[in-house]
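Indexing begins at 1, ligand by ligand and atom by atom, following the structure's order.
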Amino acid sequence: MNDGTMNDGTGNGAGTSDAGLVTAAYEAIPLPDRRSFTDVEMAERAAKFLEEVKTRHSIRDFAPTPVPRMVIESCILAAGRAPSGANRQPWHFVAVSDPDIKHRIRKAAEAEERAFYDGKAGDDWLAALAPLGTDDEKPFLETAPWLIVIFAERYGVSADRKIVKNYYINESVGIATGMLITALHCAGLATLTHTPNPMRFLNEICGRPENEKPYMILVAGHATEDATVPRHAKRKKSLDEIATFR
Ligand code: IYR
């Protein structure tokens, strides 16, 4: 049975060990944490959050300044509150601060990126990336204090070693990743999403099983004093372009 340990924020129990997550029966409980705000309060809160996320910028110039593990733990727990298909929580986060592991990730990632920028990407893709100024050198993979390697659990394995299907895996892990980025930003950290495809090398380096597929590396830390961002990245679409109200 699910004894509630899934929800105590300890991060234990997902996937392989907690059969209750897979077999629990329906049981309704009163809505926890009910909150109610006036329309004015909601508008203020929404506007305040918008201002907060407007100050999020993907950066590539990371300072070596350490960041306490506790901060990363809270942000990962926040990501773990994301909704997921059948509440399977099909994600695993490997938070790397070890310089040797970061070095190995950098070397392997740069090998993939060299192939990408040397032709694998194709002309259209390289043209699309030109205004971002990216290349195959990824020093931030060693400079930044934390690399959070996000894995998508393609299927679970129950305590009795049976395969357990997961649902809407990409959607679920995408939402959790968005929440992680937002949590890190709200904590005061800068991030970069990095996808040195193919990323299978990350299983070996991070010691993750083959039922988990590397989804993304999220680089996290502080920006250097002279950090820059590409102007292109700050051209955000207007509300009219991204939304229709009917
Ligand atoms: N993974 C490569 C290429 C890259 C691809 C996209 I789409 C970007 O928005 C940025 C980079 C790299 O990290 O350089």
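For ligand 1, none of its N or O atoms has an N or O atom of T134 under 3.5 Å away. Residue contacts with ligand 1: H194 is placed with a nitrogen or oxygen under 3.5 Å of a nitrogen or oxygen of the ligand (distance criterion only).
Taking a cutoff of 4.0 Å between a charged side-chain nitrogen and a carboxylate oxygen, E51 and K54 qualify as a salt bridge. A salt bridge links R69 to E73: at least one charged side-chain nitrogen sits closer than 4.0 Å to a carboxylate oxygen. Ion pairing between R106 and E110 holds under the 4.0 Å rule for side-chain N and carboxylate O.
Remark: ligand 1 atoms within the under-4.0 Å shell around heavy atoms of T195 are 1 (N). Annotation for ligand 1: atoms under 4.0 Å from non-hydrogen atoms of F116 are 3 (C).
Ring geometry for F116 against W125 counts as perpendicular: the plane angle is over 60°, on a 0 to 90° scale with 30° as the lower cut.
In terms of protein heavy-atom proximity, atom 1 (N) of ligand 1 is nearest to E113 OE2, 2.9 Å. At the shortest separation from atom 7 (I) of ligand 1 among protein heavy atoms lies W125 NE1, 3.5 Å.
Between the side chains of D160 and S158, at least one donor-acceptor pair of N or O atoms lies under 3.5 Å.
Under the 4.0 angstrom criterion for non-hydrogen atoms, K138 is in contact with ligand 1.
Dense packing is recorded around NZ of K138, with more than 12 heavy atoms of other residues, nucleotides or ligands lying under 6.0 Å away.
Only the side chain of L129 comes within contact range of ligand 1, with a heavy atom under 4.0 Å; no backbone atom does.
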